[in-house]
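Read through the structure below, which is laid out as structure tokens, and then see the notes.
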There are 2 protein chains.
Amino acid sequence: MSFKTLPSQKLSTTECNQALMHVRDALEVLSGKWKLPILIALSSGEMRFKQIAKEVPGITDKMLSKELKDLEINQLVTRTVLDTFPPTVLYQRTEHSDSLSEVILSLREWGLLHRQKIFGK
Amino acid sequence: MSFKTLPSQKLSTTECNQALMHVRDALEVLSGKWKLPILIALSSGEMRFKQIAKEVPGITDKMLSKELKDLEINQLVTRTVLDTFPPTVLYQRTEHSDSLSEVILSLREWGLLHRQKIFGK
DNA sequence: GGTAGTGCTATCCTAAAGGATATTACTATA
DNA sequence: TATAGTAATATCCTTTAGGATAGCACTACC
């Protein structure tokens, strides 16, 4: 059992399962309808909850709250609470989240290629 | 609204939505529990239905049938029916499926990095 | 004549994802 | 005094993914 990721490099079954695990890890981080749009919104700098909600059309407060929590757990955004009233909470992308960019670029390129392949140019 | 995929390249809103669409296209192709294991199994050459089922532990016939259909629609595997009894159906990865390798490698690398980041080394 | 093998398909079920809506405590402003 | 805004949380609902089980049409073999 091997995977054609590395030309002329054979992977053992164990190595292959580990590789599969890493790929799944990455896919899980990007999974769901909202994580990418939220990260995109946050690319322009730190934002408050309601600001993000405006930048991500269609998302509900519940979903935004949940997804931000997921992203925080995965260290892709930081959450800063200011002691004001009404509460001010600032969200910001982390450096670690920047390291996702290559992956996303790669997905984007293949997605385009695939679309051309399937629907023709 | 821009995305930090390309350093110092600003994307317009439209460009950004298109980029998002391509990323989603790619993610959709890899989504679900079984597509990657099936592609991995098929990496060792063309195989029959029951052979794949053996190589992918835990998958049911129904799931395998459905996933193979999806993969065929996305031109990632070819399906060849031989006129025998019992029916012989051969599945094989396409060249287009090989172009996924870079994406998968990129996901795999980031997945590893992420796991180290979250759980420590 | 039973039994195993082949590549599916159909039915039924559970679990998870995601959406709609309402509510919370509190303040600043009209 | 009423209202809008803040960052959530709670409840309820629908949709989707995925699993368990059984069946089918047919042949070859024991």
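Reminder, nothing fancy here: chain letters follow the sequence lines and each chain counts from 1. Computed from heavy atoms alone, side chains included, the values below leave out hydrogens, waters and symmetry copies.
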Value in whole Å for how far the [atom2] atom of [N] lies from [atom1] of [X]:
{"X": "Asp83(B)", "N": "dC26(D)", "atom1": "CG", "atom2": "C1'", "result": "13 Å"}
{"X": "Leu64(B)", "N": "dG18(D)", "atom1": "CG", "atom2": "C1'", "result": "14 Å"}
{"X": "Leu82(A)", "N": "dG5(D)", "atom1": "CG", "atom2": "C1'", "result": "16 Å"}
{"X": "Lys35(A)", "N": "dG18(C)", "atom1": "NZ", "atom2": "C1'", "result": "11 Å"}
{"X": "Met63(B)", "N": "dA15(C)", "atom1": "CE", "atom2": "P", "result": "16 Å"}
{"X": "Ile59(A)", "N": "dA20(C)", "atom1": "CD1", "atom2": "C1'", "result": "14 Å"}

Cut-off 3.5 Å, no hydrogens considered: what does the side-chain donor-acceptor table look like for residues 22-31 of chain B, sequence neighbours left out?
unit_1: Arg24(B); atom_1: NH1; unit_2: Lys33(A); atom_2: O; d: 3.2
unit_1: Asp25(B); atom_1: OD1; unit_2: Arg115(A); atom_2: NH2; d: 3.2
unit_1: Asp25(B); atom_1: OD2; unit_2: Arg115(A); atom_2: NE; d: 2.6
unit_1: Asp25(B); atom_1: OD2; unit_2: Arg115(A); atom_2: NH2; d: 3.0
unit_1: Ser31(B); atom_1: OG; unit_2: Glu28(B); atom_2: O; d: 2.8

(request) Work out how much the helix from dG1(C)-dC30(D) to dA30(C)-dT1(D) bends between its end axes, five pairs an end, to the nearest 10 degrees. (result) 20°

(message) Quick check on side-chain contact (heavy atoms from CB on, under 4.5 Å): which of Arg48(B), Arg79(B), Glu46(B), Met47(B) does Tyr91(B) satisfy it with?
(response) Arg79(B)

(message) So does Glu95(A) get a backbone contact from the side chain of Ser99(A), meaning a donor-acceptor N/O pair under 3.5 Å?
(response) no

(request) Kindly say whether Val77(B) contributes a backbone atom to a donor-acceptor pair with the side chain of Ser97(B) at under 3.5 angstrom? (result) no

(request) Give one of base, sugar-phosphate or nothing for Gly58(B), where a contact means two heavy atoms less than 4.0 Å apart. (result) nothing

(request) Return the minimal non-hydrogen interatomic distance between Ala41(A) and Val56(A), and the atom names on each side. (result) CB-CG2, 4.1 Å

Extract from the structure each pairing of a protein N or O with an N or O of nucleotides 6-13 of chain C at less than 3.5 Å, listing the distance.
unit_1: dT6(C); atom_1: O3'; unit_2: Arg48(B); atom_2: NH2; d: 3.1
unit_1: dT6(C); atom_1: O3'; unit_2: Pro87(B); atom_2: O; d: 2.8
unit_1: dG7(C); atom_1: OP1; unit_2: Arg48(B); atom_2: NE; d: 3.0
unit_1: dG7(C); atom_1: OP1; unit_2: Arg48(B); atom_2: NH2; d: 3.1
unit_1: dG7(C); atom_1: OP1; unit_2: Pro87(B); atom_2: O; d: 3.4
unit_1: dG7(C); atom_1: OP1; unit_2: Val89(B); atom_2: N; d: 3.2
unit_1: dG7(C); atom_1: OP2; unit_2: Lys50(B); atom_2: N; d: 3.3
unit_1: dC8(C); atom_1: OP1; unit_2: Arg79(B); atom_2: NH1; d: 2.4
unit_1: dC8(C); atom_1: OP2; unit_2: Arg79(B); atom_2: NH1; d: 3.0
unit_1: dC8(C); atom_1: OP2; unit_2: Tyr91(B); atom_2: OH; d: 2.3
unit_1: dC8(C); atom_1: N4; unit_2: Asp61(B); atom_2: OD2; d: 3.0
unit_1: dT9(C); atom_1: OP2; unit_2: Ser65(B); atom_2: OG; d: 3.4
unit_1: dT9(C); atom_1: OP2; unit_2: Lys69(B); atom_2: NZ; d: 2.9

(message) Using a 4.5 Å cut-off between side-chain heavy atoms of Ile, Leu, Val, Met, Phe, Trp and Tyr, which other residues end up in the same hydrophobic cluster as Leu90(B)?
(response) Leu82(B)

(request) Starting from Met21(A), walk the hydrophobic network (Ile, Leu, Val, Met, Phe, Trp, Tyr; side-chain heavy atoms closer than 4.5 Å) and list everyone else you reach, by chain and number. (result) none

(request) Please identify each residue that fulfils side-chain hydrogen bond (donor to acceptor under 3.5 Å, both in side chains) with Thr14(B), with sequence neighbours left out. (result) none

(message) Taking only side-chain N and O atoms of Lys66(B), does any of them lie within less than 4.0 angstrom of OP1 or OP2 on dA17(D)?
(response) no

(message) I'd like to know if Ile59(A) and Val89(A) are part of one continuous hydrophobic network [Ile/Leu/Val/Met/Phe/Trp/Tyr, side-chain heavy atoms within less than 4.5 Å].
(response) yes

